[in-house]
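Only one structure is covered here, and it is reproduced in the block below.
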Amino acid sequence: MKKFNTIDELLKYTENIKGHTFRDFDKDGKLEENLKRNKGALGQIIEEGFYGYSLNNSAKADFDNLGLELKVTGFIRNKNGTISAKERLVLSKIDYNSIVNEEFDFSKLLFKNRKLLIIWYEYEKDKSPADFVVQDFQLYDMDEQGDITIIKNDFEIIKQKVVIGEAHELSEGLTSYLGACPKGINSLDVTNQPNSPEMAMRRAYALKNSYMTGVLRSVKFAFEADGAQYKTIEEYVFAQVSKFIGKTQSAIYEEIFKNKYEERIPKNLNKMISDKIIGKDVELPEKNPLFSKTNYVIKNIPVDKHNYPLERMSFRNLVLSEFEEEWENSRWKNYFEEVTFIVLLYEGNSKIKNGFRIFKDIKKITFNAEDVELFGRTYNTVREAIKTRDISKLPYPKVINGQILEIAPKGQKNDDAYNRFFDRDVTKVCFMIDKDFIFKKLSEDK
DNA sequence: CTCTGATCATGT
DNA sequence: ACATGATCAGAG
């Protein structure tokens with residue numbers, strides 16, 4: 001077996017792996033076996049066929065003397081030209097009986113997985129695994145960019161679940177980067193836990209898929225086109241934001257602003273982030289000429305794991321005098337017809353609130369004639385209410401059949417938005433788009 | 001839980 | 001001083 005005395009030596013040798021297929025290293029025909037039965041086969045082929053050492057299941061790291069663990073994992077090419085991790089990266093299994101006595105800083109998890117040598121191959125659906133190409137590799141260090149503090153917190157969440165005797169209620173949605181992923185043969189493959197008689201699914205620590213996509217994109221891949229001339233807005237925006245995919249709002253904020261919020265998280269945190277990494281809406285045309293062709297607006301939405309919005313999408317305050325215009329000639333009709341929303345999705349849930357949601361994806365929303373017509377009904381309802389000076393006629397939520405646009409208060413404390421609707425030309429009321437409708441539009445993209 | 005009126009930090 | 005984009009939080 002080859003022995004590497006320094007990380008540099010190892011990396012230099014590893015350069016030779018680029019461009020090879022697994023077939024090139026498959027000395028004893030592991031690929032002939034049924035791969036589904038041996039999911040680790042690709043890793044074993046690299047260990048034996050490329051690095052020349054025999055299989056190893058101990059809690060010691062693969063490149064023990066360098067404190068490095070080898071991971072071989074796949075990525076996929078998306079339709080829009082970007083790349084994503086194919087799967088979560090499974091680390092060591094969780095031992096429920098020992099985790100309750102473990103401190104993260106001295107844990108097996110950290111000991112074995114803090115530094116990883118990640119070998120990335122390109123997964124292609126129609127190819128045999130033997131023909132997958134190893135495209136690149138990277139050194140990953142949990143400690144970089146402050147990720148380790150979030151991973152430590154995730155570890156504590158998992159540990160706490162076991163401590164209170166709820167190992168059977170673990171799920172991947174509880175945590176941010178480090179998940180407790182199923183590791184048994186199926187959900188019936190259970191084991192005991194220390195503080196409850198209830199049997200629990202076997203699980204392993206895993207770096208989540210979205211986090212791995214961020215890790216993947218944080219390295220510049222040699223085979224990717226450089227000197228990027230972006231052809232579409234999506235490509236441009238993806239290029240600006242993709243390295244943040246899988247990260248929490250706070251981590252992204254800290255990375256780009258070099259400071260953080262300890263106590264109160266601003267409600268406009270996401271907009272501050274998108275303003276900084278993509279640009280403010282008014283600056284977009286000068287950032288990239290593509291933006292001048294249409295009216296692009298960056299929106300941020302919290303969603304659940306199915307991309308269902310946790311909130312409605314809000315707009316600027318209504319101005320009474322704007323409603324003198326008929327719908328056909330109105331600013332609002334013109335706006336909805338022309339606008340393209342670039343939507344940044346942040347995944348959260350009832351436990352994972354603002355500040356800790358995870359940047360997940362980007363979508364594009366435009367409105368067709370049918371949508372615009374429905375917006376028009378809401379507009380006309382406002383118009384009618386103003387004409388008759390009757391706030392009871394306003395388009396409150398769910399008062400119009402098939403309503404997708406509604407009004408909501410929007411102001412500061414004690415504004416009494418509805419009762420004082422007629423008091424000021426710029427009202428304390430705004431439009432909001434219904435969640436079901438946003439969900440439908442999000443599902444239509446890509 | 002979801003719904004919806006109310007409120008917030010920031011930028012200008 | 002207040003509009004903006006967005007989230008909060010009590011009601012049901």
Do any N or O atoms of the protein come closer than 3.5 Å to N or O atoms of nucleotides 8-12 of chain B, and which pairs are they?
residue: B:dC8; atom: O4'; partner: A:Lys267; partner atom: NZ; Å: 3.2
residue: B:dC8; atom: N4; partner: A:Gly411; partner atom: O; Å: 3.0
residue: B:dA9; atom: OP1; partner: A:Arg264; partner atom: NE; Å: 3.1
residue: B:dT10; atom: OP1; partner: A:Tyr261; partner atom: OH; Å: 2.4
residue: B:dT10; atom: O4'; partner: A:Asn268; partner atom: ND2; Å: 3.1
residue: B:dT12; atom: OP1; partner: A:Lys280; partner atom: NZ; Å: 2.9

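- Listed in residue order, the members of residues 418-436 of chain A having a heavy atom less than 4.0 Å from DNA chain B are A:Tyr418, A:Met432, A:Lys435.
- Between A:Phe439 atom CZ and B:dC3 atom C1' the separation is 18 Å, expressed in whole Å.
- Atom P of nucleotide B:dG5 and atom CG of A:Asn317 are separated by 16 Å, given to the nearest angstrom.
- Looking at residues 380-408 of chain A, you'll see A:Pro397, A:Lys398 sit with a heavy atom under 4.0 Å from some atom of DNA chain B.
- Taking 4.0 Å as the cutoff to heavy atoms of chain A, we find the contact window on DNA chain C bounded by C:dC2 to C:dC8.
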List the atom pairs, donor and acceptor, that lie under 3.5 Å between side-chain atoms in residues 168-185 of chain A and the rest of the protein, sequence neighbours left out.
residue: A:His168; atom: ND1; partner: A:Gln193; partner atom: NE2; Å: 2.9
residue: A:Ser171; atom: OG; partner: A:Gly173; partner atom: N; Å: 3.4
residue: A:Glu172; atom: OE1; partner: A:Arg88; partner atom: NE; Å: 3.0
residue: A:Glu172; atom: OE2; partner: A:Arg88; partner atom: NE; Å: 3.1
residue: A:Glu172; atom: OE2; partner: A:Arg88; partner atom: NH2; Å: 2.7
residue: A:Thr175; atom: OG1; partner: A:Leu178; partner atom: O; Å: 2.6
residue: A:Tyr177; atom: OH; partner: A:Thr248; partner atom: N; Å: 2.9

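- Remark on DNA chain B: of its neighbouring residues A:Ser350 and A:Arg312, the 5'-side contact belongs to A:Ser350, judged by nearest-heavy-atom nucleotide.
- Applying the salt bridge (charged side-chain N to carboxylate O under 4.0 Å, His left out) test to pairs two or more places apart or on separate chains, those with a residue in residues 201-212 of chain A are A:Asp189-A:Arg202.
- If you check every strand for non-hydrogen atoms under 4.0 Å, A:Asp415 touches nothing.
- In this structure, A:Lys127 forms no cation-pi arrangement with A:Phe132, as its terminal cationic atom is not both closer than 6.0 Å to the ring centre and no more than 45° off the ring axis.
- A donor-acceptor pair is defined here as one N or O able to donate and one able to accept, closer than 3.5 Å; no such pair exists between the side chain of A:Asn317 and the backbone of A:Cys430.
- Seen from the ring of A:Trp332, A:Arg383 does not count as a face-on cation partner, given the 6.0 Å and 45° thresholds.
- Under a cut-off of 6.0 angstrom, the local environment of CD in A:Glu283 is crowded, with over 12 non-hydrogen atoms contributed by other residues, nucleotides or ligands.
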Please tabulate, one pair per line, all N/O donor-acceptor pairs under 3.5 Å involving side-chain atoms of residues 392-402 of chain A, not counting sequence neighbours.
residue: A:Ser392; atom: OG; partner: A:Asp390; partner atom: OD1; Å: 2.7
residue: A:Ser392; atom: OG; partner: A:Asp390; partner atom: OD2; Å: 3.2
residue: A:Tyr396; atom: OH; partner: A:Ile391; partner atom: O; Å: 2.7

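- Residues meeting the salt bridge (charged side-chain N to carboxylate O under 4.0 Å, His left out) test with A:Glu337, sequence neighbours left out: A:Lys333.
- For A:Asp423, the side chain to side chain donor-acceptor pair (under 3.5 Å) partners at least two apart in sequence or on another chain are A:Arg420.
- Applying the side chain to side chain donor-acceptor pair (under 3.5 Å) test to A:Gln240 and every residue at least two apart in sequence or in another chain returns nothing.
- Nucleotides of DNA chain C nearest to A:Leu318 and A:Asn354 differ in position, and the one nearer the 5' end is that of A:Leu318.
- For the residue pair A:Tyr211 / A:Asp147, a side-chain donor-acceptor distance below 3.5 Å is found, with atom types taken as modelled.
- Every salt bridge (charged side-chain N to carboxylate O under 4.0 Å, His left out) that A:Arg331 has, sequence neighbours left out, goes to A:Glu322.
- Partner of A:Phe375 under the ring-ring contact (aromatic ring centres under 6.0 Å, His included) criterion, chosen from A:Phe367, A:Tyr335, A:Phe431, A:Trp327: A:Phe367.
- Under the 3.5 Å distance criterion, with hydrogens and angles disregarded, a donor-acceptor pair is assigned to the side chains of A:Tyr308 and A:Asp436.
- A:Phe341 and A:Phe315 have tilted rings, their planes meeting at an angle from 30° to 60° on a 0 to 90° scale.
- Near DNA chain C, meaning a heavy atom under 4.0 Å from it, residues 329-337 of chain A has no residue at all.
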